[in-house]
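Please read these numbers as outputs of a predicted model, since none were measured by experiment. We use all heavy atoms of the structure for the numbers below, so side chains are in, but hydrogens, waters and symmetry mates are not.
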Protein chains: 2
Amino acid sequence: MPHHHNPNQNRLLAALPPQELESLLSHLQVIHLKAGEQLAEPGECLGHVYFPIDSAISLLYRLESGETAGVAVIGNEGMFSVAQALGGAAMPYWATVETSGHVFQVAADTLDEMSKCMSGLQHTLLLYAQASLTQVAQAVVCGKHHSLLNQFCQHLLLINDKSLSNDFRLTHEAIANMLGVRRETITEVAGELRDQGLIEYSRGHIKVLDRPQLEKLCCECYGVVREEFTRLLGVAQ
Amino acid sequence: MPHHHNPNQNRLLAALPPQELESLLSHLQVIHLKAGEQLAEPGECLGHVYFPIDSAISLLYRLESGETAGVAVIGNEGMFSVAQALGGAAMPYWATVETSGHVFQVAADTLDEMSKCMSGLQHTLLLYAQASLTQVAQAVVCGKHHSLLNQFCQHLLLINDKSLSNDFRLTHEAIANMLGVRRETITEVAGELRDQGLIEYSRGHIKVLDRPQLEKLCCECYGVVREEFTRLLGVAQ
DNA sequence: CATAGTCTGTACGGTAGCACACACAAATTG
DNA sequence: CAATTTGTGTGTGCTACCGTACAGACTATG
């Protein structure tokens, strides 16, 4: 593992008791994920588990009609897939790499075995599962009641957080899929933010210019989920 | 425990290995919950855990603005609260009794201790957590894309299932809160179904007349969630 | 350098659910 | 049995987002 990638860069790994992290270390491997890469499809059982460092993994539900909606975006605060910690293996949605970056990879079997004998690891993963549940529940209300502008800002903040950069590759189309709306509708709200000088973008590339203002335009949901992660998993570094 | 309430009436309890269920038995108590009763508010740590028999418990998220949306309806296929199995105790939403009925009650501490030494119990509860995650994720897409008529039918089916009756007490208002829409909008779709002879209702009382037809008008979500419960927890009795 | 593919901009009618307003009837309460 | 509360019915204009259609601009590829 290259020295410039410290396990503490992932919040779940950072939350582990020192000796448990130590034993896990030799099984971790840093790999790079490319944007657009598909990590899992519905019902697929995965051989590996990923702990993101500076990449964002998005979970996307696709209806029979083809309509979609994002379930969650996972970054360095979490892992994929949480199903591994719950015993059910597969999950019924698509997982794709939203913005490229690095992750710690570990074999699913290894994690399973280790969490059987490491109470700290198991406890942490379950707390993460609960945080995920809150995250998804919040997505229900948010998608139902908050304006697209609110949701768009929130999504930008999320990607901003997880990519560890103000400047990321992301198309209107990809955002539209996650927010469950048409691409054109995204173009519209994105234009608003650009006119106000909060972001700039072109052809699959977005740059955050005024994050504080984005936070003001964002709904409560961003903060609520963040707080719940803090409550359950402690403060981020 | 009255003899007419068998633990097998709750699907999670029924899934336990015989000897584990046996040890749990003496700690179970059957109680009756009245519709409208509040079981938990956001952030509250509960002293008890409930395994419904013929009651429906609804989880409701309330935004700062007062708008609401249902996160899940829990019946004899599940438990409340799943947070107890994940270690984080509190959850950020309201839990109320949607339709009255019975539940098996057990002290939270007792369940915690027992699940530490009973692998079957713990495994079952975690699989239920995963199923819940799917349930909530489905609610995201469903609320986003499916017509209110679809969602209304689904809700009726769910309550129908969990109350073990075709004839339950439920107001338009309560349904509106769960589906995150106005009461008037519910009145409208309910009227449609009544005109078609699928249901009848008056003043907080709904009767399902033609369930097969309701299933046709319902979206795929009902079946998807049901299948996932079956995959993870086996077939229902 | 030409061509095809990707990404964004714009426009227009359509509609589901909204906010607000109010009428009415059944059930509960004093 | 009067009075209040609770639950349902109905209407009117409004708005955010949809479906569809198409045009222009940048970029990758042969």
Shoot me the first and last contacting nucleotide of DNA chain D against chain B, ordered 5' to 3', at under 4.0 angstrom to non-hydrogen atoms.
-> D/dT6 to D/dT10
Could you note down all residue pairs passing side chain to side chain donor-acceptor pair (under 3.5 Å) where residues 45-60 of chain A supplies at least one of them, sequence neighbours left out?
-> A/D54-A/H102, A/S58-A/T96, A/S58-A/E98
Rounded off to whole Å, could you give me the CD-to-C1' distance for the A/E184 and C/dT8 pair?
-> 10 Å
Do the side chain of A/S132 and the main chain of A/Y128 share a donor and acceptor less than 3.5 angstrom apart?
-> yes
How far does CG of A/L214 sit from OH of A/Y222, to the nearest 0.5 angstrom?
-> 10.5 Å
Do you see a donor-acceptor pair shorter than 3.5 Å between the side chains of A/E173 and A/T171?
-> no
Donor-acceptor pair between A/R183 and A/T187 side chains, under 3.5 angstrom | yes
For B/H205 and B/F168, run ring-ring contact (aromatic ring centres under 6.0 Å, His included): C-alpha distance rounded to whole Å, both residues' side-chain angles, the deciding distance at 0.1 Å, then the answer.
-> CA-CA 6 Å; B/H205 196 86; B/F168 36 83; 8.2 Å; no
Under the salt bridge (Lys or Arg N to Asp or Glu O under 4.0 Å) rule, collect the residues that match up with A/R211, sequence neighbours excluded.
-> A/D161, A/E215
Using whole Å, report how far CZ of A/R182 lies from P of C/dG13.
-> 15 Å
Examine distances only and state if a side-chain atom of A/S163 and a backbone atom of A/I159 form a donor-acceptor pair shorter than 3.5 Å.
-> yes
Name every residue in residues 194-205 of chain A that has at least one heavy atom under 4.0 Å from any atom of DNA chain C, in order of residue number, or write none if there are no such residues.
-> A/R194, A/Y201, A/R203, A/G204
Out of B/R11, B/K162, B/Q135, which residue meets the side-chain hydrogen bond (donor to acceptor under 3.5 Å, both in side chains) rule with B/E77?
-> B/K162
Between B/N10 and B/L12 the two heavy atoms that sit nearest each other are OD1-N, 2.9 Å
For DNA chain D, find the residues of residues 146-158 of chain B with a heavy-atom distance under 4.0 Å and give them by number; none if there aren't any.
-> none
Is there a residue in residues 165-179 of chain B whose heavy atoms reach under 4.0 Å of DNA chain C, and which residues are they?
-> none
Flag the pair B/L59 / B/W94 as yes when at least one side-chain heavy-atom distance between them is below 4.5 Å, and no otherwise.
-> no
Give a yes or no answer on whether the side chain of B/Q9 reaches the backbone of B/N6 with a donor-acceptor pair at less than 3.5 Å.
-> yes
Rounded distance in Å - CD (B/E188) to C1' (C/dG17) | 9 Å
Salt bridge A/E37-A/K34, side-chain N to carboxylate O under 4.0 Å = no
